[in-house]
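Please read the structure below before turning to the comments.
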Number of protein chains: 2
Amino acid sequence: MTTTSATDALEPMLCFAVYSAQRQIGQIYRELLAPWGLSYTQYLVLIALWTDGGLAVGRLGELLGLDSGTLSPLLKRLEARGVLTRVRSATDERVVTVSLTDAGRRLRDELADVPRCFGERLGITQQFADGLREQLKALSEHAAPGKD
Amino acid sequence: MTTTSATDALEPMLCFAVYSAQRQIGQIYRELLAPWGLSYTQYLVLIALWTDGGLAVGRLGELLGLDSGTLSPLLKRLEARGVLTRVRSATDERVVTVSLTDAGRRLRDELADVPRCFGERLGITQQFADGLREQLKALSEHAAPGKD
DNA sequence: CACAATTCAGTTGTGCACAATCTTTCTCTC
DNA sequence: GAGAGAAAGATTGTGCACAACTGAATTGTG
């Protein structure tokens with residue numbers, strides 16, 4: 001018995017646990033956001049913009065940890081959908097400022113239930129979620145490049 | 001003061017913590033695996049095959065939680081690199097069995113240090129890693145679709 | 001046996017993530 | 001103010017993840 005299976009090799013790896021959890025979470029959000037045709041990353045961008053209107057692309061990238069290679073096409077798609085506008089700054093022509101349209105602001109109300117639905121789908125207590133989040137934050141801080 | 005910034009909206013979200021952690025982990029593996037030109041997912045496939053030689057594509061997918069849409073091209077690339085072979089089963093022509101070549105088995109030794117290097121880069125204790133892994137596992141089990 | 005349903009892998013299409021590169025604009029220094 | 005360097009965003013190219021579909025092989029049922 002207990003023939004060594006590949007499961008035994010993968011299961012003890014922290015990285016695999018994070019990788020799997022992230023993909024399951026992505027799956028839940030995919031279902032929750034499907035009615036609006038939004039991806040998880042697009043949802044994160046909206047959250048940022050609901051709080052801070054008029055963000056530069058670079059600032060948005062800092063907040064989400066994404067570069068222009070990811071954000072540029074993503075923002076273009078959201079603009080094409082009429083959710084936001086991309087306007088080149090008058091004072092610094094290099095900067096593009098991203099702002100929500102009325103439709104984009106309306107999404108805030110329409111998507112108001114998403115966090116609650118996500119919590120229900122996970123079925124964990126707030127304490128558990130907060131504890132896990134704190135530990136992941138600590139992990140991220142350790143892993144951070146620590147710019148020499 | 002304390003003008004509400006988008007950071008305050010993103011930081012309390014567990015999903016964002018997992019998302020960020022996963023991408024940081026991916027970054028570390030990208031650097032560690034760069035000398036071999038392997039992606040993280042390719043590395044996971046190798047781990048599975050080092051333990052269980054001769055896996056069907058479907059079984060590999062079960063282990064990693066990936067479908068053929070992801071695995072087929074990935075395995076094709078690894079086959080082109082001479083790391084593994086894909087052979088259609090004689091007893092059931094639908095099944096393709098994936099096996100390591102000698103070169104693929106040699107990678108096991110060459111990559112033996114990767115887990116240790118990863119642990120060092122994270123700079124956390126084994127206890128912390130294990131605790132986190134257990135919690136993520138619990139999260140995944142809660143999140144699992146629970147096939148009705 | 002026939003044939004409907006299922007299974008397995010592959011393919012297609014979309015979007016994200018990231019490295020590398022490019023262009024434009026700005027800034028700094030002389 | 002001219003030119004070197006930096007900064008901001010876009011573009012290109014690669015690979016992963018996943019939905020949807022295709023085609024071939026197998027299984028189950030009558």
Side-chain angles (χ1 to χ4, degrees), chain A residues 15-16 18-34 36-45 55-62 64-81 85-98 145, chain B residues 15-16 18-31 33-34 36-45 55-62 64-81 84-98 145:
Chain A
C15 60
F16 185 63
V18 176
Y19 170 74
S20 301
Q22 157 59 11
R23 280 173 40 234
Q24 287 207 22
I25 289 173
Q27 185 58 38
I28 295 175
Y29 273 106
R30 195 166 299 112
E31 293 166 19
L32 292 177
L33 297 173
W36 291 271
L38 289 169
S39 73
Y40 177 64
T41 314
Q42 289 172 356
Y43 175 62
L44 289 181
V45 166
L55 283 170
V57 171
R59 177 66 184 137
L60 203 47
E62 273 178 43
L64 302 176
L66 296 170
D67 66 4
S68 68
T70 300
L71 285 178
S72 284
L74 185 151
L75 294 172
K76 231 161 141 180
R77 280 187 287 270
L78 288 177
E79 184 183 40
R81 211 175 274 200
T85 58
R86 284 149 70 239
V87 178
R88 208 155 271 279
S89 161
T91 63
D92 185 343
E93 294 268 341
R94 293 172 302 180
V95 174
V96 167
T97 302
V98 181
Chain B
C15 61
F16 186 63
V18 176
Y19 170 73
S20 301
Q22 157 59 11
R23 281 172 41 233
Q24 288 207 22
I25 288 173
Q27 185 59 37
I28 294 175
Y29 272 105
R30 195 167 298 114
E31 293 167 18
L33 298 173
W36 291 272
L38 289 170
S39 73
Y40 176 63
T41 313
Q42 290 172 356
Y43 175 63
L44 290 180
V45 166
L55 282 170
V57 172
R59 176 70 184 135
L60 203 47
E62 272 179 42
L64 303 176
L66 296 170
D67 66 4
S68 68
T70 301
L71 285 177
S72 283
L74 185 151
L75 294 171
K76 230 162 143 182
R77 280 188 286 271
L78 287 177
E79 183 183 40
R81 211 176 273 200
L84 52 81
T85 58
R86 284 149 70 238
V87 179
R88 207 157 274 276
S89 161
T91 63
D92 186 342
E93 294 267 342
R94 292 171 303 181
V95 174
V96 168
T97 303
V98 181

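Below, chain A is the first sequence line, B the second, and so on; all start at residue 1. Atoms considered below: every heavy atom in the structure, side chains included; atoms not considered: hydrogens, waters and symmetry mates.
Using a 4.0 Å heavy-atom criterion, one finds that A:Ser89 contacts no nucleic acid atom at all. Residue-level contact check: A:Thr97 touches neither bases nor backbone, having no heavy atom under 4.0 Å from any strand. Across all strands, A:Ser72 comes closer than 4.0 Å to base atoms (heavy-atom distances). Looking at heavy-atom distances under 4.0 Å, A:Arg59 makes no contact with the nucleic acid at all. At the heavy-atom level, A:Ser39 lies under 4.0 Å from the strands shown only through sugar-phosphate atoms.
Nucleotides of DNA chain D nearest to A:Tyr19 and A:Leu75 differ in position, and the one nearer the 5' end is that of A:Leu75. Residue order along DNA chain C, read from the 5' end via each residue's closest nucleotide, puts A:Thr41 first among A:Thr41 and A:Glu93. Residue order along DNA chain D, read from the 5' end via each residue's closest nucleotide, puts A:Leu71 first among B:Ser68 and A:Leu71. Toward the 5' end of DNA chain C, the nearer of the two residues A:Tyr40 and B:Gly69, judged by each one's closest nucleotide, is B:Gly69.
Between A:Glu62 and A:Arg59 there is a salt bridge, since at least one side-chain N of the basic residue sits less than 4.0 Å from a carboxylate O of the acidic one.
Taking atom OH of residue B:Tyr29 and atom C1' of nucleotide D:dG15, one finds them 19 Å apart after rounding to whole Å. Nucleotide D:dG15 holds its C1' atom 11 Å from the CZ atom of B:Arg81, rounded to whole Å. To the nearest angstrom, P of D:dG15 lies 11 Å from CG of B:Leu78. The separation between A:Gln22 atom CD and D:dA17 atom C1' is 11 Å, rounded to whole Å. C:dA19 atom C1' lies 9 Å from atom CZ of B:Arg30, rounded to whole Å. Taking atom CD1 on B:Ile25 and atom C1' on C:dA17, their separation rounds to 15 Å, with Å as the unit. Taking atom CG on B:Leu38 and atom C1' on D:dT14, their separation rounds to 15 Å, with Å as the unit. For the pair A:Glu79 CD and D:dG9 C1', the interatomic distance rounds to 14 Å; values are reported in whole Å.
Considering only side-chain atoms of A:Val57, the nucleotide from D:dT26, D:dG9, C:dC18 that sits closest is D:dG9. Comparing C:dC18, D:dA10, C:dA9 by their nearest atom to the side chain of B:Ala56 picks out C:dA9. Here the nucleotide nearest the side chain of A:Asp92, chosen from D:dC18, C:dG10, C:dT25, is C:dT25. Listed nucleotides: C:dA9, D:dA8, D:dA19. Nearest to the side chain of A:Gln27: D:dA19. Relative to the side chain of B:Asp67, the nucleotides C:dA19, C:dA9, D:dA19 differ in distance, and D:dA19 lies closest.
For the OP1/OP2 pair of D:dG9 and a distance below 4.0 Å, the side-chain nitrogens and oxygens of A:Arg88 include no atom meeting the criterion. OP1 and OP2 of D:dG9 both lie 4.0 Å or more from every side-chain N or O belonging to A:Lys76.
For the atom pair B:Ser68 OG and B:Leu74 CG, the distance stands at 12.0 Å (nearest 0.5 Å). One finds the CZ atom of A:Arg86 at 10.5 Å from the CG atom of A:Leu71 (value rounded to the nearest 0.5 Å). Annotation: the span from A:Leu75 atom CG to A:Thr70 atom OG1 amounts to 10.5 Å, rounded to 0.5 Å.
Residues B:Leu64 and A:Arg23 are not in side-chain contact: their nearest non-hydrogen atoms beyond the backbone lie 4.5 Å or more apart. By the 4.5 Å heavy-atom criterion applied to side chains, B:Tyr19 and A:Leu44 are counted as neighbours.
Heavy atoms only, all atoms of each residue included: B:Thr97 and B:Ser89 are closest at OG1-CB, 4.4 Å.
Relative ring orientation between B:Tyr29 and B:Tyr40 is described as tilted, the plane-to-plane angle lying within the 30° to 60° band.
With B:Gln22 contributing its side chain and A:Gln22 its backbone, the two residues share no donor-acceptor pair below 3.5 Å.
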Classify every nucleotide of nucleotides 2-7 of chain C by which part a protein heavy atom approaches to under 4.0 Å, writing B for the base, S for the sugar-phosphate alone and - for neither, in 5'-to-3' order.
-> -----B
